[in-house]
Amino acid sequence: MLDIQLLRSNIQVVVDALASRGMRFDPAPFQTLEAKRKDLQTRTQDLQARRNALSKQVGQLKSRGEDASAVLAEVGGIGDELKANEQTLAALLEELNALLAGLPNLPHKTVPVGRDESGNVEVLRWGTPRSFAFEVRDHVDLGAGLGGLDFETAAKLSGSRFALMRGGVARLHRALAQFMLDVHTREHGYTEIYVPYMVNEASMFGTGQLPKFEEDLFAVHRGDEGRFFLIPTSEVPVTNVVRGELLAADALPMKFVGHTPCFRSEAGSYGRDTRGMIRQHQFDKVELVRIEHPDNSWSALEELVGHAEKILQKLELPYRKIVLCTGDMGFAAAKTYDLEVWLPAQNTYREISSCSNCGDFQARRMQARVRASGQGKNEFVHTLNGSGLAVGRTLVAVLENYQQADGSVRVPEALVPWMGGVEVIEPVA
RNA sequence: GGAGGCGUGGCAGAGUGGUUGAAUGCACCGGUCUUGAAAACCGGCAGGGGUUUGCGCCCCUCGUGAGUUCGAAUCUCACCGCCUCCGCCA
């Protein structure tokens, strides 16, 4: 959520910044609402002040045993008008709020301007894609050969865009997640956190999935007692840990790492990545979340991306790092780095991590603040999140990059201890 | 699922219709004292919003939302959450 003060004082800044994201924002409706609000709020508050003063008089008169009927008659007349004003004002504020809640975050000044993904800027390439002396297989074929990836059975159980893993591949999947958790907790100082996979509406609003992106979510209904939403990323529950909190300055930074499944309806992406487990309704992700003091969030973003990169480096998977341009960023982000891993079968780099600083955008929605240390004002915290990494896609990358001519797959050296010493996953006969 | 209890400021905890946004303690901030620190003492200290060049003035908020009333932390209803006991249960 943007700061309404900014829209009041300098709406052109907002219009321009949103334009760089490819969004046409017409300031007129906001300004009309805002003018009405100002007028109505002033009048309402005047009425409230009068009522309060007169009611106070009644109390004084009665405590002295005097007659209060004249004052009572006067204050009685205020009631109806006041109530009407209060209701109109509440509706108006709600409308303003809804308008505000629908606006995406403003890009940080260091974000390259661009209209779509073609405007993204590569900042780093790490590792050299391996050359193969045989024809590479994609993870679907490899997984089938290993008896470890079974999309047909998953489809029987649930439908398309679900995966079922067995044996060595299932173990590899588990090992990857454990490995990531261990690296981030032991080497990068994150606190492991376990969170609910279903959250309420307020949490989805807090991180920005609602109200605009409901179609991307799975909802779980509980009769007429309301509904939960399956988390599309652990960013949602983990970040919302601080919702509604006023934190002590020394409570920051908070660094969490969580491993959860993620559920996405993938509405509107019917034709894309239909083969294999690149784009699933359910996938696992190890997520890094940081709650930072506003002064530190930008250096924290660089650090966080580095932590995600470290996993790829340890697994010796070639990747590149790009900065998303203004037109390609997510709703809540002020700046985003994507990490893309090399997939030999696709002969290209594919997204495996997305790391963002959301600035105070989510914090304002969540009302998550940090107490000022000295005289200053309490401030909204800054929230950051990044995949460290998407486990399913990491599995795909390992299978494809470490495949051998006979269809077996070597286990990356760094991962062997998490595989109980297994160094190669062999095809089934 | 049944029975009972409880939600007040950063924390603990008073307050059961009237100048109470709220005692007290702790924490925190500033100061006195001290070589420095601690202790002691003095002072400050909820959040959000409106308006104002500023001083300030005003409004809202005691889990959330409705209601009763001239007036609600206090009374009524609904909802949410937490605790205790019983039942069930991975």
Side-chain angles (χ1 to χ4, degrees), chain A residues 1-9 30-31 33-101 194-206 220-229 237 240-252 254 291 293 360 363-381:
Chain A
M1 189 125 76
L2 300 180
D3 184 359
I4 194 166
Q5 303 292 357
L6 180 62
L7 278 88
R8 285 175 186 153
S9 63
F30 170 79
Q31 287 168 321
L33 278 176
E34 172 58 16
K36 276 198 236 170
R37 186 229 101 224
K38 189 167 173 171
D39 178 58
L40 188 59
Q41 182 163 357
T42 311
R43 280 194 290 129
T44 305
Q45 292 189 352
D46 284 348
L47 286 175
Q48 286 171 329
R50 236 175 88 214
R51 178 205 56 197
N52 291 348
L54 291 174
S55 291
K56 202 171 266 186
Q57 273 185 41
V58 172
Q60 288 169 334
L61 289 172
K62 286 200 168 175
S63 68
R64 282 189 250 119
E66 296 174 28
D67 175 38
S69 57
V71 183
L72 277 174
E74 191 183 348
V75 74
I78 298 178
D80 286 344
E81 188 187 355
L82 180 58
K83 182 166 274 183
N85 276 6
E86 281 173 342
Q87 280 168 359
T88 319
L89 180 62
L92 207 53
L93 288 173
E94 206 169 303
E95 209 176 329
L96 264 171
N97 223 36
L99 196 154
L100 210 59
Y194 173 87
V195 290
Y197 302 160
M198 292 190 264
V199 299
N200 55 30
E201 207 162 320
S203 293
M204 284 297 185
F205 179 86
V220 179
H221 295 263
R222 225 188 352 182
D224 31 274
E225 291 179 42
R227 55 187 179 160
F228 292 119
F229 292 91
N240 273 280
V241 163
V242 295
R243 172 153 54 86
E245 301 290 328
L246 176 52
L247 304 162
D250 62 12
L252 301 181
M254 296 168 83
I291 312 297
H293 191 277
D360 63 6
R364 186 170 280 112
R365 291 176 156 248
M366 295 190 298
Q367 289 296 311
R369 291 160 302 157
V370 56
R371 186 169 287 284
S373 39
Q375 261 79 334
K377 232 174 119 43
N378 300 337
E379 295 179 87
F380 288 110
V381 297

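Quick note on labels: first sequence line is chain A, next is B, and so on, each numbered from 1.
- B/U76 and B/C88 have their P atoms separated by 35 Å, with the value rounded to a whole Å.
- Of the P atoms belonging to B/G25 and B/C75, the separation is 27 Å, rounded to the nearest Å.
- No side-chain donor-acceptor contact under 3.5 Å links A/S55 and A/N52.
- Rounded to whole Å, atom P of B/G17 lies 19 Å from atom NZ of A/K56.
- Spacing between atom CD of A/E86 and atom C1' of B/C58 amounts to 15 Å, rounded to whole angstrom units.
- To the nearest 0.5 Å, atoms CD (A/E379) and CZ (A/R369) are separated by 11.5 Å.
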Please write out each protein N/O paired with an N/O of nucleotides 9-11 of chain B under 3.5 Å, distance rounded to 0.1 Å.
| residue | atom | partner | partner atom | Å |
| --- | --- | --- | --- | --- |
| B/G10 | O4' | A/R371 | NH2 | 3.3 |

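- Closest-nucleotide positions on RNA chain B for A/L72 and A/G59 were compared, and the one nearer the 5' end corresponds to A/G59.
- The distance between atom CD of A/Q5 and atom C1' of B/G48, rounded to the nearest whole Å, is 11 Å.
- Contact annotation for A/E245: no contact, since no heavy-atom pair falls under 4.0 Å across all strands.
- Rounded to an integer number of Å, the gap from A/Q60 CD to B/U20 P is 10 Å.
- With P as the reference atom, B/C28 and B/A37 are 16 Å apart, rounded to whole Å.
- Taking atom CG of residue A/L40 and atom P of nucleotide B/C60, one finds them 14 Å apart after rounding to whole Å.
- The distance from the CZ atom of A/R365 to the CG atom of A/N240 is 11.0 Å, given to the nearest 0.5 Å.
- Considering CD of A/E34 and CG of A/L100, their distance stands at 10.0 Å, rounded to 0.5 Å.
- With rounding to whole Å, A/Q367 atom CD is found 18 Å from B/A46 atom P.
- Within the 4.5 Å cutoff, the side chain of A/L82 has heavy atoms near those of the A/T44 side chain.
- Looking at residues two or more places apart in sequence or on another chain, you find a salt bridge (charged side-chain N to carboxylate O under 4.0 Å, His left out) between A/R364 and A/D3, A/D360.
- Listed by first then second residue, pairs satisfying salt bridge (Lys or Arg N to Asp or Glu O under 4.0 Å) with a partner in residues 40-49 of chain A read A/D39-A/R43, not counting sequence neighbours.
- Taking a cutoff of 4.0 Å between a charged side-chain nitrogen and a carboxylate oxygen, A/E86 and A/K83 do not qualify as a salt bridge.
- With rounding to the nearest 0.5 Å, the separation of CD in A/E95 from NZ in A/K36 is 6.5 Å.
- The partner of B/C89 cannot be assigned: no Watson-Crick or G-U wobble pair with both contacts below 3.5 Å exists in any strand.
- Annotation: A/E94, atom CD; neighbour count of heavy atoms from other residues, nucleotides and ligands within 6.0 Å does not exceed 12.
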Determine, stepwise, if the pair A/S203 / A/N200 fulfils side-chain hydrogen bond (donor to acceptor under 3.5 Å, both in side chains).
CA-CA 6 Å; A/S203 293; A/N200 55 30; 3.1 Å; yes
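- Take A/F380 and apply the ring-ring contact (aromatic ring centres under 6.0 Å, His included) test, not counting sequence neighbours, and it matches no residue.
- Residue A/L247 contributes atom CG, which lies 17 Å from atom P of B/C28 at whole-angstrom precision.
- The base-pairing partner of B/A14, taking Watson-Crick or G-U wobble contacts with both distances under 3.5 Å, does not exist among the strands shown.
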Can you check nucleotides 51-53 of chain B for protein contacts, nitrogen or oxygen pairs under 3.5 Å, and list what you find?
| residue | atom | partner | partner atom | Å |
| --- | --- | --- | --- | --- |
| B/U51 | OP1 | A/K38 | NZ | 3.2 |

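- Across the strands present, B/G43 finds its partner in B/C29; the criterion is a Watson-Crick or G-U wobble pair with both atom distances under 3.5 angstrom.
- When the P atom of B/C59 is taken as reference, atom CG of A/L93 falls 17 Å away, rounded to whole Å.
- Across all strands shown, B/C79 pairs with B/G63; the Watson-Crick or G-U wobble distances both stay below 3.5 Å.
- Taken residue by residue, residues 44-54 of chain A places heavy atoms nearer than 4.0 Å to RNA chain B at A/Q45, A/Q48, A/A49, A/R51, A/N52.
- Pair assignment for B/U84 gives B/A3, based on Watson-Crick or G-U wobble hydrogen-bonding distances that are each under 3.5 Å.
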